[in-house]
Structure formats: structure tokens, C-alpha cells
Number of protein chains: 2
Amino acid sequence: MSNPTLHDVAQAAGVSYATADRVINNRGNVAQKSIDKVREAVTRLDYVRNVAAANLSRKRVYRIAFLIPKGTNAFFNRIRDHITQVAAHLSAESVSVDIYEVSAFSVEGLSDSIADFRQKDFDGVAIVGLQSNVIEEPLADLRARGIKVIGLVSDLPRDFREAYIGIDNVVAGRTAARMTGMAHAGGRGAIQTFVGSLDARDHAERLEGFREVIAADFPKLTVLDPILTKDDPSILQAETDRLLAQQTDVTALYNVGAGNSGLISAISAKPAQRPYCVVHELVAHSRQALIAGQIDLVIDQRPDVEINRAFAVLRALIDQRETPAMPELTPTIYVRDNLPADPLNEPMKDQNT
Amino acid sequence: MSNPTLHDVAQAAGVSYATADRVINNRGNVAQKSIDKVREAVTRLDYVRNVAAANLSRKRVYRIAFLIPKGTNAFFNRIRDHITQVAAHLSAESVSVDIYEVSAFSVEGLSDSIADFRQKDFDGVAIVGLQSNVIEEPLADLRARGIKVIGLVSDLPRDFREAYIGIDNVVAGRTAARMTGMAHAGGRGAIQTFVGSLDARDHAERLEGFREVIAADFPKLTVLDPILTKDDPSILQAETDRLLAQQTDVTALYNVGAGNSGLISAISAKPAQRPYCVVHELVAHSRQALIAGQIDLVIDQRPDVEINRAFAVLRALIDQRETPAMPELTPTIYVRDNLPADPLNEPMKDQNT
DNA sequence: AGAAATATGATGGACGTCAATCATTTTCTG
DNA sequence: CAGAAAATGATTGACGTCCATCATATTTCT
């Protein structure tokens with residue numbers, strides 16, 4: 001009926017409870033012969049340790065930290081909010097969550113923050129990463145202490161983390177391109193792209209994916225060289241203004257990076273005959289612009305899904321379990337019709353009615 | 001440091017552990033005065049019952065059942081697979097899962113199956129529902145026995161279930177329309193729609209949403225009256241064949257219901273100049289057709305997300321907790337570029353590398 | 001006031017695991 | 001073959017809750 005206990009396993013293996021316990025907890029001082037007997041009994045009886053009982057016994061608390069870029073970036077605010085929400089519920093399952101902020105895009109700052117974790121005694125850390133070998137050493141140090149590290153949203157050097165939770169940005173760019181291409185219905189066109197910085201790996205990857213698809217499947221479209229924006233709304237606004245004023249043959253805009261509020265305000269100033277507009281990340285202003293018909297498409301990476309996944313993966317890593325089946329992460333396409341409920345305006349609606 | 005225990009609460013309230021226990025478990029025979037003292041202490045100390053310990057103590061097993069239409073429908077196979085996968089991991093948290101199959105679309109069959117649950121002693125049931133007052137009585141009966149019921153994918157009469165987990169089909173239809181509309185880039189067109197049956201509520205809702213958006217925002221497009229298909233691939237194939245042969249001015253196809261394999265094989269037979277094609281549900285053949293460029297868009301309801309949500313909601317209901325923060329459910333748009341990994345071909349890739 | 005009803009306190013055995021101790025047995029080594 | 005080292009068995013007290021029992025207080029009613 002109910003699951004076998006370690007007592008059952010010990011009995012089946014013909015050893016004492018103590019020995020079985022020594023085996024499954026790797027306490028050492030046990031003969032290979034006994035190890036084999038216990039292992040065999042475990043698989044035969046299909047024993048799985050009762051995590052609830054185990055955690056209860058050892059008063060285990062999962063200490064999990066998130067390391068997230070500082071600042072008022074709407075996207076990371078959304079991430080923070082969701083972490084906080086999930087954490088509130090997870091405290092009942094004895095996982096404690098801390099969020100640390102680190103100055104954005106600074107390798108040194110990130111490196112220092114990671115190094116700080118050495119003292120802090122966490123079980124697992126999710127880090128919005130950067131690609132730089134400067135951070136490899138502190139990461140290796142965390143691993144040496146048994147702290148599980150995963151990359152979130154933006155990956156870490158892959159040999160220095162257990163997993164990456166985030167979308168594939170090449171795929172995101174390809175998706176944007178597919179949609180933009182389709183929206184031309186076989187006609188000709190030119191697409192103006194914007195990037196924050198080509199040094200930012202995610203931006204470069206998106207652009208790369210975008211170009212791939214347009215080149216392969218939409219030969220009548222041209223991808224114009226990207227305008228550099230530093231993710232600064234005012235630059236985006238100015239550049240978009242200029243573009244709309246000079247009556248070009250641009251048929252679509254694709255902003256690879258952030259700073260959408262600038263783009264949006266430029267567009268809403270001249271609503272007539274605007275080009276097809278695709279941006280990334282669903283936040284308050286992109287959502288609002290979608291509803292108002294100022295932009296056409298938002299490619300979103302579903303930070304809520306990412307956070308849930310991050311927690312699940314970290315807990316599995318800490319417990320040395322397999323990761324449970326979870327929704328996959330895929331760039332999500334939003335138009336004005338399939339927007340999720342706005343959590344700020346309709347908190348906790350939860351489909352119950 | 002760690003959370004307060006019931007002992008702490010009792011002490012803080014100035015009563016014995018037994019009394020505190022009587023209060024929080026509503027065992028009765030306790031003076032109002034004591035109830036108040038305990039309640040006050042609970043909020044003051046921010047006590048939350050340690051669910052792990054509680055479940056351990058009472059050897060609690062969450063018994064959860066799913067009631068799903070029988071048959072080889074690819075979509076429900078996907079649902080079944082995901083339930084099985086999740087269940088495998090949940091058994092470690094002492095939830096047992098049973099899947100029952102019921103003859104599809106039969107109100108009587110569904111009603112009987114629901115009635116059968118009376119004997120079966122479940123804590124919660126997720127049902128792929130129908131709208132019919134025939135099933136109200138057996139549902140009311142389940143509720144009377146304290147069994148939590150939620151609607152899955154297709155709703156139940158709303159007063160007889162605790163929650164609905166599924167997409168809004170009007171939204172799904174609107175989304176399909178938005179995408180189809182955009183793909184015409186302002187040009188003229190006519191859209192041929194297909195439905196399984198207009199009595200099926202989800203089909204009717206999708207069509208309704210579709211028409212709404214086309215009428216409101218794409219005046220140059222016409223929505224042709226739907227062809228009835230009974231979700232039968234062979235009918236879809238024949239009708240699509242006929243359509244493609246007679247050189248009409250149809251610029252897009254939208255299949256509201258199932259039976260896509262028929263539509264796809266008709267299209268792949270005449271690949272030249274096919275219309276824009278939108279279908280529902282990502283399954284093996286629609287996925288393959290998307291990759292092969294035989295169709296353009298799949299609107300998916302993410303059954304994996306739904307299942308995860310269903311489990312979370314049921315457990316919360318059973319424990320009388322709040323539902324934890326989870327990803328929202330929204331019709332998802334797939335093009336060939338943003339497809340999730342195919343679990344059949346690349347099992348458990350899990351983004352770890 | 002006394003009996004009956006109701007409230008409270010005290011306690012202890014589950015639940016399954018962890019972590020420790022101590023005694024005993026087996027195996028190895030010289 | 002003795003002595004040391006290694007392996008095993010047996011047992012026990014947490015962890016926090018549930019649930020039951022029994023004894024004692026306190027209130028309520030007549």
C-alpha cells in the first residue's frame with residue numbers, strides 16, 4: 001500500500017536499520033557486500049526516502065539566493081516580484097529566499113557578489129549571469145563548498161553552473177523574424193533593428209537569429225543594420241522620431257533590447273501608417289502599447305515560468321533528485337488578444353470564477 | 001530563526017498544547033475565550049502549521065484523480081503523458097494519482113463516471129468537463145463528501161466546481177484571428193473556417209472570438225461560414241482538397257477543432273500557393289507540419305502548464321491553503337521557430353547543457 | 001450545594017528519518 | 001593466533017504534528 005520505509009529495506013536486505021542508514025546516507029564504514037545488498041533491496045522495493053520525514057528530522061531549511069541586476073528595469077522588477085510571491089508560499093515548505101542586487105552588467109561587481117556568498121552559507125544560488133572568465137574562480141569556489149549554482153535569464157560560463165534557466169535568444173530572434181516576415185504577406189520591406197549593445201550576448205544572439213530567418217525564408221525583406229541604443233529610452237525615442245519623420249521605406253521595427261518606452265512614445269506621437277513593431281518583454285508599458293495598438297507583438301521570456309523552474313531545479317539539485325516535469329521554456333508571443341491578466345490591476349484572479 | 005511550533009503558540013497563548021491543538025484542528029469542546037487567545041497567538045507569532053510534519057503524522061496521502069476522454073486523440077494523449085510524468089515525481093510527496101477514462105463527449109458517460117467517484121474515496125478530482133445540468137447532481141454529491149472538484153481544459157457547470165484550469169477559448173479564437181489578420185498585411189482576403197461541431201462550446205467560443213477580431217480590426221477580410229468536420233481527419237482532408245482544387249479566393253484556413261492530420265495531408269499534396277493556415281494544439285503531426293512549412297501557426301493551450309496548475313490547485317484546495325503563484329494560462333502561439341523540444345525525440349533534455 | 005456538563009491539562013505513542021552512541025561481531029594483519 | 005581495525009547491530013532521542021486517553025478543573029444548571 002504505502003511506500004516502503006528504510007526499515008523495510010533493511011529487513012529485505014537482511015541487514016540492520018543502522019547499516020541501511022549508513023548506506024543510503026553514505027556514512028562510510030560499511031562493507032561493499034552490504035552496500036550491494038542494500039542497493040539491491042532499494043531498487044527491488046522501489047524505496048524512495050520520505051523527504052518530508054527527512055527534512056523534519058534534520059530541521060532542514062533550503063537556503064536559496066537570487067542574484068539580480070540592480071536598478072529599476074521593469075523586467076527585473078517583474079522577476080523580483082515573482083520571486084517574492086513564490087517565496088512567500090515556499091516558506092511554508094521551509095525554504096528561505098534572499099534576493100541580492102548587483103550593479104548591472106558589471107563583471108567586477110558580479111564577481112565580488114559571488115565571492116561574498118562564500119560566507120553566507122546557502123544551499124543554492126540562481127544568478128543572472130555574464131559570460132566572463134573573471135567570475136569562473138568565485139563560481140568554482142562555490143561549487144567546492146557544495147553550493148548549487150544555476151544561471152538565470154542570462155547564462156554563466158557553462159562549466160561553472162549546474163543548469164541554465166532561460167530562453168534561447170537565437171530562438172527568440174528567429175521567432176521575431178518569422179512573425180515580422182509573415183506580417184509582410186510576401187511583399188517587399190525593410191526592417192530597422194535596434195540593439196542596446198552588440199557586446200551583450202543576448203542582443204547579439206537575437207539579432208543573429210533574426211537575420212537567419214529573414215535571409216532564409218523572406219528574400220524580399222531587408223534587415224537594416226542595427227541602431228545602437230544603449231537600452232536608453234531617450235535614444236530610442238530620438239532615433240524612432242527621426243526614422244518616422246524622414247519618410248523612409250521602413251516597413252517594420254524590431255527592438256532587440258530594452259528601452260521600449262522611448263520607441264513607444266515616438267510611435268504614439270505619429271500613429272498614422274506606423275511600421276510593424278516587434279519588441280521584447282511584456283512589462284507595463286509594452287503591455288499598454290500592445291493594447292493601444294501602438295505595437296504589434298511582444299516576445300516574452302515568461303519570467304514567472306523561469307522563476308518557478310529555477311526553484312524546482314534548485315531544490316532538485318540540492319536534494320540530489322531528478323528535476324520534476326515542468327513546463328518548457330520557450331519565447332512566448334503576445335499580441336493584444338492573448339495577454340495574461342495584469343497582476344497589478346487584477347491581483348490573484350486565478351481563474352476561479 | 002525557524003518557524004514557531006504549536007508548542008510555542010500554546011505557550012504564548014497561555015494554554016496547554018492540547019487546547020491549542022483543539023483550536024487549530026477544530027476539535028470542539030473549547031471555550032470561546034481560549035479560541036480567541038490561541039487565534040491571537042497564531043497571528044502574533046505568524047504560526048503556520050508544518051505540513052510535512054502533519055502529513056507524516058497522519059500518514060496522509062493525497063488521492064487525486066483525473067477524468068479524461070477516452071480515445072486516441074493526440075491532444076489527450078499528451079495530457080495523459082504529462083500527468084503520468086508529474087505523478088511519478090509526486091509519489092515521493094505522497095500523492096497518488098489515478099487516471100480514469102470516460103467515453104468522449106457523452107454526458108451520460110461522464111455523469112456515471114462522476115457518480116462512481118462516490119465510492120472511491122479521493123481527495124480531489126480534475127475533470128475534463130461538459131456543460132450540462134445532468135452532471136450537476138453527481139458533482140454536488142462529491143462536494144458534499146468533501147471531494148474537491150476542478151474543471152480541466154473544458155469547464156464544468158461553474159457552481160459545481162472549485163476552479164477551472166484551462167484557457168479562455170474566446171481569447172484563443174481572437175488570437176488566431178489577430179495573427180491571421182496580420183498575415184494579410186492590410187490586403188484583402190477570405191478565411192475558410194472549420195469546426196468539429198457548433199454544439200461544442202469550445203469550438204463555438206473560438207469561432208466567436210475569431211469573428212469578433214476580424215470584424216473589428218480587419219475590415220478587408222471575410223470569415224466564411226465554417227465547414228462542419230466532426231473533428232474527422234478524412235472529412236477535413238476531403239473538404240480541404242475540394243477547396244484547393246476549385247481555385248477560390250480563399251487566403252487562409254483556420255481549423256477551430258481537431259482532425260488536423262487530414263488538413264495537413266491535403267495541403268502537403270498541393271504545396272504550391274497554399275493559403276495561410278492556423279490550427280490548434282501542438283501534437284506530433286501539427287508540429288511536424290509546422291516544421292515542414294505546411295502550416296503557419298499553431299495555437300496551443302499548453303497542457304503541461306495546465307496539468308502542473310491542476311495539481312497545485314488541487315493540493316491547495318485539499319489543504320485549504322491559498323494557491324501558490326504559478327504561471328498564467330494563455331493561448332500560446334507557436335511558429336516553426338519557437339517550438340519546445342520534442343519530448344519524444346529528445347527526452348529530458350532539460351536545458352542543462 | 002451538589003450533580004452534570006463542559007473545558008482544560010498532561011501525557012504518550014505513532015509517522016519516517018537523521019544522527020549519534022555503545023556494544024558486539026567479523027575481518028584483516030603480522 | 002592474538003590484537004587491531006573495520007563492520008554491524010541495537011537502541012535512543014530528536015523533529016512537529018495528530019490523535020487518543022485519562023485525570024482534573026471550571027462552569028452551568030437545578
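Here is how names work: the chains are called A, B, and so on, in the same order as the sequence lines, proteins then strands, and each is numbered from 1.
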So, using side chain to side chain contact (heavy atoms under 4.5 Å, CB included) as the criterion, who are the partners of A/A53 when residues are at least two apart? A/N50, B/L56
Side chain of B/N25 only, heavy atoms from C-beta on: which candidate in C/dG16, D/dC19, C/dT17 is closest? D/dC19
Would you tell me whether B/D36 and B/Q32 have side-chain atoms, one donor and one acceptor, within less than 3.5 Å of each other? yes
Please state how far atom CG in B/L6 lies from atom C1' in D/dT17, giving the value in whole angstrom units. 8 Å
Using a 4.0 Å heavy-atom cut-off, does A/R22 contact any base of the nucleic acid, only the sugar-phosphate backbone, or nothing at all? base
Where do B/R309 and B/M326 come nearest, in terms of heavy atoms and distance? NH1-O, 3.7 Å
Output the rounded distance in Å from NE2 (B/H7) to C1' (D/dG16). 9 Å
B/N55 CG to D/dC19 P: how many Å, rounded? 11 Å
Given D/dC19, D/dT8, C/dT17, which nucleotide is nearest the side-chain atoms of B/D21? D/dC19
Give a yes/no on whether any side-chain N or O of B/T19 is located under 4.0 angstrom from OP1 or OP2 of C/dG9. yes
Of the candidates C/dA14, C/dG16, C/dC18, the side chain of B/K59 sits closest to C/dG16
Is the distance from OP1 or OP2 of C/dG9 to the nearest side-chain N or O of B/S16 less than 4.0 Å? yes
Is the A/F76 to A/F66 ring centre distance short of 6.0 Å? no
Tell me the interatomic distance from A/R58, atom CZ, to C/dA20, atom P, rounded to whole angstroms. 12 Å
Just the rounded figure in Å: distance from C1' of C/dC18 to CG of A/N26. 14 Å
Tell me whether A/D8 contacts the main-chain N or O of A/T5 through its side chain, where contact means a donor paired with an acceptor under 3.5 Å. yes
Can you confirm if the NZ or CZ of A/R60 lies within 45° of the ring axis of A/Y62 and under 6.0 Å from the centre of its six-membered ring? yes
What is the distance from CG of B/L56 to P of D/dA14, rounded to the nearest Å? 17 Å
Rounding to an integer number of Å, can you tell me how far B/N50 CG sits from D/dA14 C1'? 14 Å
For DNA chain D, determine which residues of residues 27-43 of chain B have any heavy atom closer than 4.0 angstrom to one of its atoms, and list them numerically. B/R27
Which part of the nucleic acid, if any, lies within reach of A/A18 when heavy atoms closer than 4.0 Å are counted: base, sugar-phosphate only, or nothing? base
Looking at B/R145 and B/D141, does any basic side-chain N land under 4.0 Å from a carboxylate oxygen? yes
Just to confirm, is there a sub-4.0 Å distance from OP1 or OP2 of C/dT17 to any side-chain nitrogen or oxygen of A/Y47? yes
Rounded to whole Å, please give me the gap between OH in B/Y17 and P in C/dG9. 14 Å
With sugar-phosphate meaning primed atoms plus P, OP1 and OP2, does B/V51 contact a base, only sugar-phosphate, or nothing at under 4.0 Å between heavy atoms? nothing
